[in-house]
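One structure is given below, encoded as structure tokens.
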Amino acid sequence: MCIFAQSLTKLKQIAYQKMAKFLTNREENYAQWYNDLVLKADLAENSAVRGCMVIKPYGYAIWEKIQAELDRLFKATGHVNAYFPLFIPKSFFSKEAAHVEGFAKECAVVTHYRLKTDESGKGIVVDPSAKLEEELIIRPTSETIIWNSYKNWIQSYRDLPILINQWANVVRWEMRTRLFLRTAEFLWQEGHTAHATREEAIEETEKMINVYASFAENSMALPVIKGYKSENERFAGALDTFAIEALMQDGKALQAGTSHFLGQNFAKAFDVQFTDKSGKLDYVWATSWGVSTRLMGAIIMGHADNNGLVLPPKLAPIQVVIIPIFKNSEQLASISETAIKIKSDLEQKGISVKYDNRDNNTPGWKFADYELKGVPVRLAIGPRDLQNKTVEIARRDNLSKETVPVEKVSEFIPKLLEDIQANIYQKAYNFRKENTFHVDKWEDFVSKLDDQGGFIMAHWDGTAETEEKIKDETKATIRCIPFDSPDEEGKCIYSGKPSRRRVLFARSY
RNA sequence: CGGGGUGUAGCGCAGCCCGGUUAGCGCAUCUGGUUUGGGACCAGAGGGUCGCAGGUUCGAAUCCUGCCACCCCGACCA
């Protein structure tokens, strides 16, 4: 139950609107709003290197929370961490045909290993005599370098399964980049597992897409749709790709995580065979799965508003901020007494609290700033509160405020954080529900996409040609074929040919 | 790779079309004072190779040529 019954007065609304001038209005220019928000919430900025971002401490703190929780989930499902090289010999890439095809166009390549001062003595140039025998690719993903190692690790069924995850950076030389959503270098985790049987590998692939989905829903408070990728959208070198797809507030889809069943493709490419229980030689079965710093983009675009970020409490580096309101140092001292007590009470319950007693900004400035940064709960304590033994508690998700007795705070906050977590999930869920459409006519399909976007459930004849044509004409792609999409006779939205189930279409990031 | 844009103080920008004293504004910074319950105010101060290289001109941030970098919009992608 939400106890924040009071609604905003008109005056307060005007005050909020005034504050919004610090951000581009979301309705006016979504892309600009997103960009502004990333910069102004101090999450990241563009760097001197084209397409590469600097992740600033506050943004990185959110990533660390994401990492910590995912790492816990991976370990709970039997995985261990390891680390493989950043560089991949070029020849490794040519071993798996589809894989090269998929990544060749976006690889950064190391060709030399030394610099020297140029003839003028002022600048520095690549030393032509230091050319590498074989060029090194900066990993866009690590299947090849990892399977090359697995070859040495696997001889018998007793060596399986191998369940390894790696936290790393990868480079994909994208044409166009956007902070967090697509950068030339990004941080991610990539799981690479090896199994004795096809069934076990498929089970692993499913297990990990489920881990991602529950992370998205429980921690990020974002509902996702799990499904199969169509052949066109499949990972280069995979037999099957499972994905989770989330709907952003502008009606575009964001692929938030993928899990690939690689079959025996990489084992064959790197000649990784094992002796099974019956003494027969066979190739090893593989999976790989990953999520990236793109999840930061999903959190931003999934929840944020015109006042700034709205962080799910479970991933907020600061869950509660305490702001003192004071006129002089005596007042601050007595407020601090209460504030520090509350802070330590909350910290004992595992809640992260920041007491911002800096006197170089006014309370109003701090209110706006922590709102911009998406801190879920704000406590304000002023002389008035001190007198009444109360604090003012404001929640970021719906901007409502409540005055609560000091002695109730430490039992009130944990419930409030849960409430906020649940509320922003529900909000995102409702948004998705309102923006998911079953469409049967081509003209409706086109106009829906143009008018408001969203998820479109429509019939598809199952061919790559149709998918390609739909993409050409509308920029919409099949995001996934949902696992839970029921059997239903229908006709392809484009070709009119028979279809057995609906698939999920959307324009995407 | 195609289209558009930008480059001027630490940051954000104006000035450029139509060349002319000392290149301006906001934020930030420093000093002093008043403030602090929703991005405070007043007064003063400091801070500039105008992206780089040429050219035109008595004179260039401004006009011309070339180069570089970044951003935005498309084709490609987590």
Side-chain angles (χ1 to χ4, degrees), chain A residues 8-9 11-23 29 31-32 34-36 39-40 45-52 102-107 140-141 170-190 212 229 232-233 235-236 241 243-246 253-260 288-298 307-308 323-329 331-332 335 358-372 378-387 390-392 394 399 401 403 471-472 475 477 508-509:
Chain A
L8 293 173
T9 65
L11 267 177
K12 282 177 185 165
Q13 281 175 1
I14 290 166
Y16 285 127
Q17 280 160 13
K18 263 175 125 178
M19 281 169 7
K21 75 186 171 200
F22 290 89
L23 272 181
N29 185 341
Q32 190 66 45
Y34 176 83
N35 225 359
D36 275 11
L39 297 177
K40 292 193 173 152
E45 62 189 22
N46 284 305
S47 71
V49 184
R50 188 209 73 100
C52 295
F103 287 103
K105 285 171 289 182
E106 51 189 44
C107 285
T141 178
V170 288
V171 169
R172 296 183 188 175
W173 214 261
E174 301 288 354
M175 294 297 181
R176 275 200 57 224
T177 59
R178 289 190 70 190
L179 293 168
F180 289 118
L181 295 175
R182 188 174 303 104
T183 45
E185 178 191 12
F186 57 94
L187 305 183
W188 76 344
Q189 59 69 217
E190 44 182 329
Y212 288 153
K229 282 290 179 185
N232 279 356
E233 299 279 327
F235 175 77
T241 289
I244 52 172
E245 294 285 330
L254 185 76
Q255 179 176 306
T258 47
S259 182
H260 315 291
S288 70
W289 27 273
V291 297
S292 72
T293 34
R294 172 180 260 197
L295 291 182
M296 298 282 296
N307 293 322
I323 297 172
I325 296 156
F326 57 97
K327 294 197 200 303
N328 52 53
S329 55
Q331 254 178 17
L332 177 61
I335 290 167
R358 294 173 302 171
D359 67 354
N360 51 356
N361 290 117
T362 61
W365 191 93
K366 292 176 187 174
F367 289 175
D369 194 51
Y370 289 106
E371 243 159 50
L372 187 57
R378 180 187 73 230
L379 307 188
I381 309 174
R384 218 158 62 200
D385 297 295
L386 227 45
Q387 195 145 40
T390 58
V391 299
E392 183 191 76
L399 299 168
K401 293 177 188 175
T403 300
K471 186 179 174 182
D472 288 345
K475 290 181 193 158
T477 50
S508 75
Y509 278 100

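All chains are named by letter (A, B, ...) in the order of the sequence lines, taking the proteins before the strands, and each is independently numbered beginning at 1. Basis for what follows: all heavy atoms, side chains included, without hydrogens, waters or symmetry-related copies.
- Nucleotide G48(B) forms no Watson-Crick or G-U wobble pair with any nucleotide shown, as no partner meets the under 3.5 Å limit on both distances.
- Comparing G38(B), C76(B), G37(B) by their nearest atom to the side chain of Arg384(A) picks out G37(B).
- The distance from atom NZ of Lys471(A) to atom C1' of C77(B) is 9 Å, rounded to the nearest whole Å.
- Set against A78(B), C76(B), A75(B), the side chain of Lys475(A) has A75(B) as its closest nucleotide.
- The CG atom of Leu179(A) lies 13.5 Å from the CZ atom of Arg294(A); values are rounded to the nearest 0.5 Å.
- Toward the 5′ end of RNA chain B lies the nearest nucleotide of Ala380(A), the other residue of the pair Ala380(A) and Glu174(A) mapping further downstream.
- Judged by distance alone, with hydrogens and angles left aside, the side-chain atoms of Gln387(A) form no donor-acceptor pair with the main-chain N or O of Pro383(A) at under 3.5 Å.
- The CZ atom of Arg178(A) sits 10 Å away from the C1' atom of C72(B) (whole-angstrom rounding).
- Among the nucleotides G38(B), U36(B), A75(B), the one closest to the side chain of Arg378(A) is G38(B).
- Residue-level contact check: Leu181(A) touches the bases, meaning some heavy atom is under 4.0 Å from a base atom.
- Listed nucleotides: A78(B), G37(B), C77(B). Nearest to the side chain of Asp385(A): G37(B).
- Using atom C1' as the reference point in both G47(B) and C41(B), the two lie 23 Å apart (nearest Å).
- The backbone N or O of Ala243(A) sits nowhere less than 3.5 Å from a side-chain atom of Tyr212(A) that would complete a donor-acceptor pair.
- Because its NZ or CZ atom is not both nearer than 6.0 Å to the ring centre of Phe186(A) and within 45° of the ring axis, Arg172(A) does not count as a cation-pi partner of that residue.
- With its ring centre under 5.5 Å from that of the base six-membered ring and a plane angle below 30°, Phe186(A) counts as stacked on A78(B).
- C70(B) and A28(B) have their C1' atoms separated by 24 Å, with the value rounded to a whole Å.
- The C1' atoms of G7(B) and G46(B) are separated by 25 Å, rounded to the nearest whole Å.
- Spacing of C1' atoms, C27(B) relative to A40(B), comes out at 14 Å, to the nearest Å.
- Judged by Watson-Crick or G-U wobble contacts below 3.5 Å, the nucleotide G10(B) has C27(B) as its partner.
- A close approach under 4.0 Å does occur between a side-chain nitrogen or oxygen of Lys327(A) and OP1 or OP2 of U36(B).
- The distance from atom NZ of Lys105(A) to atom C1' of C1(B) is 13 Å, rounded to the nearest whole Å.
- Shown here, C63(B) forms a base pair with G55(B); the pair counts as Watson-Crick or G-U wobble because both key distances fall under 3.5 Å.
- Of the candidate nucleotides G37(B), A78(B), G38(B), A78(B) has the atom lying nearest to any side-chain atom of Thr183(A).
- Ranked by how close their nearest RNA chain B nucleotide is to the 5' end, Gly51(A) and Arg172(A) are led by Gly51(A).
- The side chain of Asn35(A) places an N or O atom within less than 4.0 Å of a non-bridging phosphate oxygen (OP1 or OP2) of C72(B).
- Relative ring orientation between Phe235(A) and His260(A) is described as parallel, the plane-to-plane angle staying below 30° on a 0-90° scale split at 30° and 60°.
- Under a 4.0 Å N-O distance rule, the pair Arg378(A)/Glu371(A) qualifies as a salt bridge.
- Between A61(B) and C16(B), the two P atoms lie 14 Å apart (nearest whole Å).
- When each of A40(B), U36(B), G38(B) is scored by its nearest atom to the side-chain atoms of Thr362(A), the top-ranked nucleotide is A40(B).
- Heavy atoms of Ser292(A) sit under 4.0 angstrom from at least one base atom.
- Here, G15(B) and G3(B) have their C1' atoms 27 Å apart, quoted to the whole Å.
- Taking atom CG of Asn360(A) as the reference point, atom P of A40(B) lies 12 Å away to the nearest angstrom.
- The backbone N or O of Glu174(A) lies less than 3.5 Å from no partner atom in the side chain of Lys105(A), so there is not a single donor-acceptor pair.
- Nucleotide G19(B) forms no Watson-Crick or G-U wobble pair with any nucleotide shown, as no partner meets the under 3.5 Å limit on both distances.
- Pro140(A) is not listed as a side-chain neighbour of Val170(A), based on a closest heavy-atom distance of 4.5 Å or more.
- A donor-acceptor contact under 3.5 Å links the side chain of Lys401(A) to the base of G38(B).
- At whole-Å resolution of the value, CZ in Phe235(A) and P in C76(B) are 19 Å apart.
- Across all strands shown, C1(B) forms a Watson-Crick or G-U wobble pair, both distances under 3.5 Å, with G74(B).
- Base pairing of U36(B) is not made with any nucleotide, judged by Watson-Crick or G-U wobble geometry with both donor-acceptor distances under 3.5 Å.
- Taking atom CG of Leu179(A) as the reference point, atom C1' of C71(B) lies 11 Å away to the nearest angstrom.
- The nearest whole Å value for the distance from the CD atom in Glu371(A) to the P atom in G37(B) is 15 Å.
- Between Lys229(A) atom NZ and C77(B) atom P the separation is 11 Å, expressed in whole Å.
- Separation of the C1' atoms belonging to C52(B) and U36(B) is 48 Å when rounded to the nearest angstrom.
- In terms of phosphate contacts, Asn46(A) brings no side-chain nitrogen or oxygen within less than 4.0 Å of OP1 or OP2 of C70(B).
- For the P atom pair drawn from U65(B) and G5(B), the interatomic distance equals 15 Å after rounding to whole Å.
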